[in-house]
Amino acid sequence: MRFFKFFGLMLFALFGLPVHADEVSGTWRRDKSAEYFGSNEDIIKNKYDDLKIVNESMMLGACKGTLEQKEYRFDIAFQGLIKERQSSQMVYSFMRRRLGIDMSQLKTYYTFRDSDCTLPSGSIFVSGDRLALIQASSIFYAYTRVKQDAKPGERANTISLSQKLSRLPLDTTAFFETCAERIKWIKGVPQATDKCGPAYFPYIATKTDTDPLVRLIGTHRFVKDPSSPYAYYDNPFANGLHPLFMIFTPLKDVLLVRVDDFDKIVNEERERFGGSYLAIKNGKITDQLDDGCTMNLEYTCLDMRGNKQYQLLESGKFKKF
């Protein structure tokens, strides 16, 4: 499904106190789960192993919700367990033993509400690089922060990257909803911004830029059919366009780039290109995936239901499942 189908989706309504970006923002990977009273059958079975928080919004796969920061008080945050006569010492001991979460210095926590899926609402507690998500009062999930900033030696070695890396998983719909309003235009040309970080760092390819990666993107033949309504993306630079792109941590020596069409369209002069994932190896574009699917940490693209659609291979090709 092409990205442009999602372009008109409304932005999330954000509310509450501002979330401290340096504390909770980023990508988290689930590594443990437990039911407080030991009933593992009650643990919610879900496929959302990756959790991303950016700009006061939370994303679990294709499920999205809003966060609200609150002052931490045990008697408020754990009302359900207090009704079961559980003390703070008992709860803190459980979280330390089972989840690796230290609650002793906690001053704030977060509540979230899901907006478009059946995942129950709950609370989030952050301690350093550990995060606990609690649902239905007694179901605990532990996440660890994913550090995706690649070291220079780990990057694709045929293109020297001067740009910051964006973070997987990439849900293209969520990117539009959380970042689109922060992208400004000058004379119809989109401008790069760091206001979507640390999750997203969108850059703009311009014809005057001599950067090898920018040249590769701007002159690529995304659409080779001259009769296509998206033919303007058959060499964007040649048609006066300025592709927006994001770069992700390479898969070995394969660079993954997401490209989208953000140029202003006046009087319906053309159709908006739906966007592509590019695989780049040895300084060349080796494959192109025209899909708005969610690219996860395993370089697997998932549809809106979480089903696997494509896999990026070390050969630089996208394999269809």
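Positions are given from 1 along the sequence.
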Subject >> Ile101 vs Arg96, side-chain contact (heavy atoms from CB on, under 4.5 Å): CA-CA, chis, key distance, verdict >> reply: CA-CA 5 Å; Ile101 302 289; Arg96 186 170 53 252; over 6 Å; no
Validation row: [X], [Y] side chains within 4.5 angstrom (heavy atoms):
X: Lys308; Y: Leu302; result: yes
X: Ile139; Y: Ile134; result: no
X: Met90; Y: Ser93; result: no
X: Thr300; Y: Gln309; result: no
X: Glu84; Y: Phe37; result: yes
X: Phe248; Y: Leu165; result: no
X: Thr172; Y: Thr294; result: no
X: Val24; Y: Met58; result: no

**OP:** State whether the number of non-hydrogen atoms from other residues, nucleotides or ligands found under 6.0 Å of Gln105 atom CD is greater than 12.
**Re:** no
As an exercise, state the distance from [atom1] of [X] to [atom2] of [Y], rounded to the nearest 0.5 Å.
X: Gln89; Y: Ser87; atom1: CD; atom2: OG; result: 4.5 Å
X: Lys52; Y: Thr27; atom1: NZ; atom2: OG1; result: 4.5 Å
X: Ile247; Y: Gln163; atom1: CD1; atom2: CD; result: 4.0 Å
X: Glu269; Y: Asp263; atom1: CD; atom2: CG; result: 9.0 Å
X: Lys70; Y: Thr108; atom1: NZ; atom2: OG1; result: 12.5 Å
X: Thr144; Y: Arg30; atom1: OG1; atom2: CZ; result: 14.0 Å

When clusters are formed by joining ILVMFWY residues with side-chain heavy atoms under 4.5 Å apart, either directly or through shared neighbours, do [X] and [Y] land in the same one?
X: Val259; Y: Val189; answer: no
X: Phe176; Y: Ile265; answer: no
X: Leu313; Y: Leu170; answer: no

Please report the shortest heavy-atom distance between [X] and [Y], naming the atom on each side.
X: Asp234; Y: Asn239; answer: O-ND2, 3.2 Å
X: Gln288; Y: Ser276; answer: NE2-OG, 3.4 Å
X: Phe273; Y: Asp290; answer: CZ-OD1, 4.3 Å
X: Thr286; Y: Gly316; answer: OG1-O, 2.6 Å
X: Pro236; Y: Pro243; answer: CB-CG, 3.6 Å
X: Tyr143; Y: Leu51; answer: CE2-CB, 3.7 Å

Closer than 3.5 angstrom, by distance alone: can the side chain of [X] be matched with the main-chain N or O of [Y] as a donor-acceptor pair?
X: Arg85; Y: Leu81; result: no
X: Asp287; Y: Phe318; result: yes
X: Tyr203; Y: Lys164; result: yes
X: Glu271; Y: Ser228; result: no
X: Asp225; Y: Ser227; result: yes

Original post:
Any side-chain donor-acceptor pair under 3.5 Å between Tyr36 and Gln86?
Top reply: yes
**OP:** Indicate whether any N or O donor in one side chain lies under 3.5 Å from an N or O acceptor in the other, for Arg215 and Thr219.
**Re:** no
Subject >> Aromatic Tyr310 / basic Lys320 pairing, under 6.0 angstrom, 45° off normal >> reply: yes
One thing to verify: whether [Y] and [X] come together as a salt bridge, which I'm taking to mean a side-chain N less than 4.0 angstrom from a carboxylate O.
X: Asp31; Y: Arg29; value: no
X: Asp261; Y: Arg272; value: yes
X: Asp303; Y: Arg305; value: no

Subject >> Partners passing ring-ring contact (aromatic ring centres under 6.0 Å, His included) against Tyr277 (at least two apart in sequence or in another chain) >> reply: none
Original post:
After noting the C-alpha distance and the side-chain angles of Arg73 and Leu106, does the key distance pass the side-chain contact (heavy atoms from CB on, under 4.5 Å) rule?
Top reply: CA-CA 9 Å; Arg73 283 177 48 186; Leu106 205 66; over 6 Å; no
Original post:
Mind checking whether Phe78 and Phe125 have parallel, tilted or perpendicular rings, split at 30° and 60°?
Top reply: parallel
Original post:
How are the rings of Phe262 and Trp185 set relative to one another: parallel (under 30°), tilted (30 to 60°) or perpendicular (over 60°)?
Top reply: parallel
**OP:** Check each of Ser166, Cys196, Cys179 against Phe201 using the side-chain contact (heavy atoms from CB on, under 4.5 Å) test, and report the only one that passes.
**Re:** Ser166
Original post:
Under the side-chain contact (heavy atoms from CB on, under 4.5 Å) criterion, do Met246 and Tyr200 qualify, and how do the steps go?
Top reply: CA-CA 7 Å; Met246 292 182 289; Tyr200 309 120; 3.9 Å; yes
**OP:** Could you walk me through whether Phe112 and Thr66 pass side-chain contact (heavy atoms from CB on, under 4.5 Å), step by step?
**Re:** CA-CA 5 Å; Phe112 75 88; Thr66 53; over 6 Å; no
